[in-house]
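Worksheet: the structure to be examined is printed underneath.
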Amino acid sequence: MSDSAERHDDIQGLLRGFGMRWPYALFVYSAFGDDPEQNQEFLRTLPDALGCVGGPTSVAEVDARRADPGFDSPFNVAFTFRGLSKLGIAPDVLSSFPPEFIQGMRRRAAANRDNGRSAPECWEPPWRDGTVDIWLGVYADTEAVRERQRQRLSEHLAKYGMQVDGFDLPGQLTAGDTPVWLDDPACQPEASQAVEHFGFGDGISDPPVKGLARPGSGVTDVGGKLDEKGRWQPLAAGEFLHGYLDEIGEVPAGPTPTDIGRNGTYLVLRKLSQDVDAFRSYLSERAQRNGMTADELAAKLVGRTRNGVPLVASATADRNDFRYAGDEHGVQCPLGSHLRRTNPRDSLGFQTILVDRHRLLRRGMPYGRLVPRDRKMSDINPLAAGATADESYPGQGLMFLALNVDIRRQFEFVQSQWINFGNDLRQGSDRDPIAGLHNPAHPKNNRIVILTEPAESVVVCSEIPSFVETRGGDYFFLPALHAYAAIAGGHQYQ
Amino acid sequence: MKPGVGEFRSRQQPITHIAPTRPGMSWLAWLFLMVLRRISKLKMARGLEFIHFAQWQRVRTKKLPRLSPDQPAENFSHDFFMFTTNYNGDWDQYIDTFARVAHIRRGMWWLWRFSQGFPGPIPLRNFKQFIHYQTYSEALYYSAYPAATVRNIAAALEVKRELEAFSAVRPGEETPAAFKKRYLGMVTAIAPNLGSAPGPAPYVIATSQPGGLPAMVTYTRNGKRKRKLALGPLLGRLATGGGGEQTLIAAMSPIEVKPAHAVTKEIASRIAAVNASTSPSPFAMCPMLHMARLLIIDDLRPKLGSRPSASLRTNYLLFVAAIDGRLEDFLDCLYTADPDFAQGVWGRCLGYPEGRDGPVYLRRYIARSLLPVQLPFVGFPGHSALDIRRALRVHSNMLDWMGDVHRTDMSDAELMAAWQGQLAVLLAGDEATR
């Protein structure tokens, strides 16, 4: 048994990510019919319907056909527990999946602190009602190709008596020439930098996974785990894929028989809305009160500048090559900042040992259009301004996708202990200023304490509103290609 | 089953773990714990910053309290190794840390190597199974500061210390400019400790020592007033310079001889009523109490997967507590706070003098039920439960100040005037002031 990912031809391409090569995505959520054989046939014929061969696009195919202009639309597929149970898989196999996956994100709302306006009853219909069986992630190199695939997919679903119960059209955003700085133009991210709606460079610090990097891609081990000598190492494949050794040298518990899980993983999908207006307004008001620029304050809340430079100096030119040793009190990068909470690196002591088992491979993409610095969200969102639903869909946000092998130990832990609680980083009950689901009933606790540098004073940003809210989501099983083929072929895995 | 991530009722969770010792290893376990107590300050446990209290003890099955002539001796062929602790955070994270940090892993290996079925800290799955299987459920768990984590408490104590030092300069002894300079130094120093923490439990506890109670009398195991019994060796008592001492106890009282179960059920119902009540528990009326737990032990499990060599012949009530000062004072206070509870729980146990009211009988009875604690650990030695609650309150006051008043653009004079106006409120840690 190895801790290094093998068989790239068996692992779905989402583990690699589709990046800027296929920057437009179509996420379709649908429910199966009651006939398992018909559902299996739907899966068998799906690749053909989307113009692909064999099955969902693998990591190997993503790598091999990256330069092939004819390969314009890879796709991946994942199932909720509800979906798996409609595919003819034997009941004892189904019951071997972990409880949190079986329960689904809706029932795990308390663990994830999805309450208030983020509570499941406020989610968008298919998530609120818990009717999603399958996630179809179709990626495209142009918007026209995405539209073509959307048409093909709708027809294919209809052919099997299924329908589009919900969809999203996320895509990679680059800053381009849209100004996203507030009062310091020098903070503007580079035109080609992938950004999210609050105007920060994104996708900089995903963990390297042993054996998964594309040969010759230049991906290093920076930002992984620190060994005893303080050198970066990639994380064991078993943290992100079934069938491999994890960070403690064990094969993580997975569904049985092991063949159904091998090279597969769990996909956490969350639709997170971002209130860009509220974020900017809060920054401007608080910055003025405390003698800072709004962009300085924004960087303190996030832990990086807008153009991706970490507040703690990098050891090399790599913007991900930094650690928090030497900044124990958070003078440079606040202890409660978003970056430090979601990946504390060596902040908790013992190198990164206390962090390595809680890492996530993020593959999210923003949805909605960037809001320039001098505009409001309502100027950008036609629906919000009264246009028809056909023109666009409203709002700005993130389709958060995270891959992990143990939802409870990884995603739910980060969500409940680091984002919505602060004890590990000495932040008491304070929550993540960016992604925390703040409680409007206790505004004083929705805060962050910032030491200004040089250490002359302390700024307390309190009454932080929830800039990010959950609009829906679920836990999915992302099978390996061999498992997909077996399920589609009617193998019960008994 | 332990609460999962994000599902804990309080921020503290108890573990009561009792595993059989390996054949012939009981005295080695005892010796190891005693040596460790002498040579180690358990820095590793302190460094983890999520353990409030812990105690390790060897439980001799032949010496389990027999407090009634009707109670048969137990006939296990081995002893037990008991580990009780409370911690904050996520159970998996707690156990992961034990297994993954090298010197903690070594410590765990040594601590449990005398226990049957201990698979070693790795593979982690087996270790977790070992912990899970030998963990007993608490019927009641009480903490004087349930919402506070170890880090919350450390932060609160630090903020209180800094504030008191800062406030030692009297008003009028310095200029506003000098004041502001000192003030900025102080808030910068405490800034890393300003994460918000909920205050202590929202009920008011008695803060005066109980009076008018019978004088302390100690008894021998047979209940005769023979000579003063030295409880010290039985207790996990830690002398802590300047701040008094804290005592960890474990008392195992026989409830009734099996197969009878009626009294056990009655006691369980009495404890459940306290849990279900919205009124403060009797424990909340004891200012010297940090934490307490009650468990009903109707059997002791063998090694996972093996047949038991024997079964308990008696049901027991296990009481574990961490208190400031003397056990006797705490028991007096507990009895005075709720005599019905004391009588309804321990008063129903085997060997409790029938028809006798008064704290003296509870003291006498608990003294006879005590199990020796070989290795105690206290997260905040020298800080009483009241100290900690006051510090949490002062910390909360300071957070209010930082959120509501503190601004970087205030003039020196404005700042000084505002501070002096609020000082009394800031340093008010007494719950009666809230």
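In what follows, chains are A, B, ... by sequence order, proteins preceding strands, each numbered from 1. Every value quoted in this text rests on a predicted model; they were computed, and no experiment measured them.
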(message) Looking at B:R125, I want to see if its CZ is surrounded by more than 12 non-hydrogen atoms of other residues, nucleotides or ligands under 6.0 Å.
(response) yes

On a heavy-atom basis, the closest approach of B:R151 and A:N423 is CD-O, 3.1 Å

OG (A:S462) and CG (B:L399) are apart, to the nearest 0.5 Å, by 10.5 Å

Chain B shares the most heavy-atom pairs under 4.5 Å, among A:E247, A:R357, A:H329, with A:R357

So, the part of A:D424 with a heavy atom under 4.5 Å from chain B: the answer is both

Closest heavy-atom pair, A:V460 versus B:G403, reported as atoms and distance to 0.1 Å, is CG1-CA, 4.3 Å

Output for pair (B:D96 CG, A:I353 CD1), nearest 0.5 Å, gives 11.0 Å

On a heavy-atom basis, the closest approach of B:V187 and A:V458 is O-CG2, 3.4 Å

Looking only at A:R289, A:H358, A:Q415, most heavy-atom pairs under 4.5 Å shared with chain B are made by A:R289

Take a 6.0 Å sphere around CD of B:Q420 and say whether it holds more than 12 heavy atoms from other residues, nucleotides or ligands.
yes

When rounded to the nearest 0.5 Å, the distance separating CZ of A:R447 from CG of B:L194 is 6.5 Å

Most heavy-atom pairs under 4.5 Å with chain B, out of A:N290, A:I450, A:N112, belong to A:N290

From the list B:D404, B:I122, B:N193, the residue making the most non-hydrogen contacts under 4.5 Å with chain A is B:D404

Bottom line for A:R409: the part with an atom under 4.5 Å from chain B's heavy atoms is side chain

Inset, instruction - Examine distances only and state if a side-chain atom of A:D430 and a backbone atom of B:G195 form a donor-acceptor pair shorter than 3.5 Å. - result: no

query: Stepwise, does the side-chain contact (heavy atoms from CB on, under 4.5 Å) test hold for B:M402 with A:V449?
result: CA-CA 9 Å; B:M402 293 300 291; A:V449 177; 5.8 Å; no

Okay, B:A155 and chain A: the region with an atom under 4.5 Å from a heavy atom over there is neither

When the 4.5 angstrom heavy-atom criterion is applied to A:E463 and chain B, the contacting part is neither

Interatomic distance, CD@B:E49 vs CZ@A:R426, rounded to 0.5 Å, equals 4.0 Å

Under 4.5 Å to a heavy atom of chain B? For A:P252 that would be backbone

Minimal heavy-atom distance between A:S457 and B:L184, with the atoms involved, is OG-CD2, 3.7 Å

A:F421 and B:T149, any side-chain heavy atoms less than 4.5 Å apart: yes

